[in-house]
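Down below is the structure, laid out as structure tokens.
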Amino acid sequence: MARRGLLVGTAATALTLATVSFADAATSNGGQDGTDGPDRTRTVRGTLPTGSPDYVYLPVEVPCGVREIAVSYAYEKPPVPAGTQGNALDIGIFDERGTALGGRGFRGWSGGARGSFFIRADEATPGYIAGPVRAGTWNIALGPYTVAPEGLPYEVTITLRFGAAGSTPEPVYPPRRAKGRGRAWYRGDCHLHSVHSDGRRTPAEIAAAARAAGLDFINSSEHNTYSAHGAWDGLWGDDLLVLTGEEITTRNGHVLAVATDPGTFVDWRYRARDNRFGHYAKAVRRAGGLVVPAHPHATCIGCHWKFGFGEADAVEVWNGAYSPEDEIALAEWDNSLVAAVRRSRPWVAAMGNSDAHREPDVVGLPQTVVLAEELSREAIVAGIRAGHSYIAESSAVTLSFGVLGGRGLHAGIGERLRVDGDDTPVTVRLEAAGVPGCTAHFVTDQGTLFTAGLPASGTGTVEWHTTPACAAYVRAEVRHPATVPGLPGALAALTNPVFLEG
């Protein structure tokens with residue numbers, strides 16, 4: 001049976017379509033006696049106009065005795081003139097507990113990565129959460145990401161399969177700690193995608209790629225779902241810590257929830273104007289995680305970060321292979337350091353991640369190298385939040401960076417050096433390895449004040465003398481030779497700042 005999707009309710013950012021009923025299924029056994037009944041299928045067709053709200057909910061009345069709900073969908077993609085948005089439609093589902101913000105009823109999201117999914121007690125499509133299919137009103141969530149001028153014709157097919165529900169296995173989550181090397185520099189990539197969202201690698205393939213890249217930790221960061229949190233069983237080890245999180249993919253930018261409690265879901269259904277981000281940023285921190293705006297100047301639709309950095313614990317200034325978008329993000333972050341110094345306010349650390357989805361995306365390009373007391377969730381989070389870290393293009397790159405003052409005073413990355421006065425001489429020292437053909441740049445609140453070439457071998461030491469009066473902070477950039485006249489070369493490495501105080 002096919003039916004048209006009719007609008008019956010509106011809200012500022014959501015529409016609700018007419019309810020899909022399976023009332024006849026409840027009267028034809030429907031598996032209520034524990035035996036399989038015949039499948040029941042309904043198809044809904046409709047057209048979403050331009051200017052549709054961010055989310056459109058299709059209610060589905062699920063009767064008793066359902067062991068599996070399966071959904072497929074399709075939509076038309078007519079050609080559009082150059083510069084005009086075409087059709088793109090995302091999908092997910094909420095169960096009988098409802099669609100209210102906070103996600104109590106959340107059961108999965110695949111965005112535009114899949115054309116179908118299923119949920120039952122013992123298993124679900126990646127991106128979706130296994131568990132009983134309880135009776136009540138479920139809601140298929142459609143997200144019209146972009147709509148062509150002539151509208152977005154769609155078709156959604158829902159199939160209910162009846163029978164005994166089965167049992168849901170207890171998820172096995174990664175441990176909070178790996179063996180590690182005690183207090184040391186640990187390498188990680190906190191922005192990775194698998195088949196549980198729009199990636200093409202399995203968790204096993206990601207773990208193998210992480211080890212090959214010389215990483216010590218990774219963070220699971222699927223778009224708007226936590227289904228991958230329980231998918232790493234057997235993949236961690238003494239040499240690899242697996243953290244769990246989410247890429248919260250709003251219509252006004254993406255933000256990483258890094259190292260949250262396993263099983264944590266963070267809602268994404270709001271825009272900057274809704275004044276809800278602070279609430280969910282606090283939820284990330286209550287779950288033990290970090291709030292990290294991702295690729296803040298990416299040009300994809302909905303990717304540009306519009307929530308500001310007031311709730312950020314760190315910011316991703318380098319995302320994947322270095323690009324002009326990263327150069328802009330780096331400049332904006334540096335401006336935030338200047339403002340923090342001027343106003344004596346807390347500063348936000350920089351980090352870098354690969355955002356790897358599939359081949360040929362390189363896991364660990366770039367990677368954040370964190371000084372931590374041990375290889376544990378809590379220690380890595382503390383190191384990133386404090387800015388005790390630098391970013392490198394690969395595990396071949398190692399840096400040591402710090403500032404020395406009189407009487408044996410020393411401060412390292414993310415620390416503060418206090419000396420006797422603003423005119424007290426200090427020595428800035430960078431030791432680098434694995435960066436052949438590169439140049440070292442020392443950047444301060446006054447801009448780049450010192451540049452020096454590194455040896456052809458890629459291993460060397462650079463020193464510069466300054467005072468707190470000339471530099472309220474100093475950080476290091478190691479860059480490849482420029483390939484475009486007038487533009488800086490791509491980064492090979494970048495440190496968080498050392499602050500100077502006279």
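Just so it is clear, the values below take in all heavy atoms, side chains as well, and ignore hydrogens, waters and symmetry mates.
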Ionic contact status for Asp274 with Arg276, cut-off 4.0 Å: no
Check: Asn496 side chain, Ser389 main-chain N or O, donor-acceptor pair, under 3.5 Å: yes
Heavy-atom pair with the smallest gap, counting every atom of His191 and Ser221: CA-OG, 3.3 Å
4.5 Å side-chain heavy-atom contact, Val255 and Val291: yes
4.5 Å side-chain heavy-atom contact, Val195 and Arg114: yes
For Glu155, all residues meeting side chain to side chain donor-acceptor pair (under 3.5 Å), sequence neighbours excluded: Arg45
Modelled atom types, side-chain donor and acceptor of Thr41 and Thr159, under 3.5 Å: yes
Residue pairs fulfilling disulfide bond (SG atoms under 2.5 Å apart) with at least one residue in residues 127-163, sequence neighbours excluded: none
ring-ring contact (aromatic ring centres under 6.0 Å, His included) against His480, all qualifying residues, sequence neighbours excluded: none
pair Cys190-Met351: side-chain heavy atoms closer than 4.5 Å: yes
Derivation and outcome, side-chain contact (heavy atoms from CB on, under 4.5 Å), residues Ile69 and Trp138: CA-CA 10 Å; Ile69 182 169; Trp138 289 50; 4.2 Å; yes
Nearest heavy atoms of Val62 and Arg134, plus distance in Å: CG1-O, 3.9 Å
Which residues share a side-chain contact (heavy atoms from CB on, under 4.5 Å) with Glu325, sequence neighbours left out: Ala298, Thr299, Ser323
Set of residues satisfying side-chain contact (heavy atoms from CB on, under 4.5 Å) with respect to Lys77, sequence neighbours excluded: Tyr75
Heavy-atom pair of closest approach, residues Gly92 and Phe117: O-CZ, 4.4 Å
Donor-acceptor pair, side chain of Glu222 and main chain of Ser194, under 3.5 angstrom: yes
Non-neighbouring partners of Asn252 that pass side chain to side chain donor-acceptor pair (under 3.5 Å), sequence neighbours left out: none
Counterpart residues, side-chain contact (heavy atoms from CB on, under 4.5 Å), relative to Leu371 (two or more places apart): Arg183, Trp185, His388
Plane angle bin for Trp268 and Phe265 - parallel if under 30°, tilted between 30 and 60°, otherwise perpendicular: perpendicular
Shortest non-hydrogen separation from Tyr73 to Gly111 and the atoms involved: OH-O, 3.5 Å
Main-chain N/O of Ala213 paired to Ser395 side chain as donor or acceptor, under 3.5 Å: yes
Side-chain heavy atoms of Tyr186 within contact of Leu215, under 4.5 Å: no
Side chain to side chain donor-acceptor pair (under 3.5 Å) evaluation trace for Thr157 with Thr43: CA-CA 4 Å; Thr157 299; Thr43 297; 3.1 Å; yes
Residue pair Thr16 / Pro59, side-chain heavy-atom distance below 4.5 Å: yes
Residue pairs fulfilling salt bridge (charged side-chain N to carboxylate O under 4.0 Å, His left out) with at least one residue in residues 188-200, sequence neighbours excluded: none
Note, Leu491 side chain near Asp326 side chain (heavy atom, < 4.5 Å): no
Donor-acceptor under 3.5 Å (Tyr128 side chain, His196 main chain): no
Under 3.5 Å side-chain donor-acceptor pair for Glu61 and Thr137: yes
Backbone N/O of Asp267 and side chain of Tyr270: donor-acceptor pair under 3.5 Å: yes
Over 12 non-hydrogen atoms of neighbours within 6.0 angstrom of CZ in Arg104: no
Side-chain donor-acceptor contact under 3.5 Å, Glu316 with Asn319: yes
Any Asn353 side-chain heavy atom under 4.5 Å of Ile391 side chain: no
Step-by-step salt bridge (Lys or Arg N to Asp or Glu O under 4.0 Å) determination, Arg285 to Asp313: CA-CA 9 Å; Arg285 285 191 281 271; Asp313 297 306; 3.3 Å; yes
side-chain contact (heavy atoms from CB on, under 4.5 Å) between Ile218 and Ile206, intermediate numbers included: CA-CA 9 Å; Ile218 57 175; Ile206 290 176; 4.1 Å; yes
ring-ring contact (aromatic ring centres under 6.0 Å, His included) contacts in which one or both residues fall within residues 357-381, not counting sequence neighbours: His193-His357
Glu205 side chain vs Thr202 backbone, donor-acceptor pair below 3.5 Å: yes
Salt bridge present between Arg181 and Glu374 (N-O < 4.0 angstrom): no
Pair Asp216 + Arg187: basic N to acidic O under 4.0 Å: no
Arg67 side-chain N/O to Phe162 backbone N/O, donor-acceptor pair under 3.5 Å: yes
Expected output: side-chain Arg177 to main-chain Leu375 donor-acceptor under 3.5 Å: no
Check: Tyr322/Glu327 side-chain N/O donor and acceptor closer than 3.5 Å: yes
Non-hydrogen side-chain atoms of Trp318 and Glu393 separated by less than 4.5 Å: yes
Side-chain donor or acceptor of Ser227 paired with backbone N/O of Thr225 under 3.5 Å: no
Qualifying ring-ring contact (aromatic ring centres under 6.0 Å, His included) pairs with a residue from residues 240-263, counting only residues at least two apart or across chains: His223-His254, His254-His295
Heavy-atom closest contact (Val381 atom, Ala259 atom, distance): CG2-CB, 3.6 Å
side-chain contact (heavy atoms from CB on, under 4.5 Å) partners of Thr168, counting only residues at least two apart: Ala121, Pro132
Steps toward salt bridge (Lys or Arg N to Asp or Glu O under 4.0 Å) verdict (Asp54, Arg269): CA-CA 8 Å; Asp54 291 344; Arg269 294 170 294 159; over 6 Å; no
Asp239/Arg211 salt bridge by N-O under 4.0 Å criterion: yes
Glu170 atom CD, neighbour heavy-atom count above 12 within 6.0 Å: no
Short side-chain to backbone donor-acceptor contact, Gln367 and Gly364, under 3.5 Å: yes
Pairs touching residues 220-311 that satisfy disulfide bond (SG atoms under 2.5 Å apart), sequence neighbours left out: Cys300-Cys303
Verdict with supporting geometry, Leu494 and Leu330, side-chain contact (heavy atoms from CB on, under 4.5 Å): CA-CA 10 Å; Leu494 160 76; Leu330 175 59; 3.9 Å; yes
Mutual orientation of the aromatic rings belonging to Trp109 and Tyr55 [parallel < 30°, tilted 30-60°, perpendicular > 60°]: perpendicular
Considering all heavy atoms, the nearest Phe22-Arg42 contact: CZ-CG, 3.3 Å
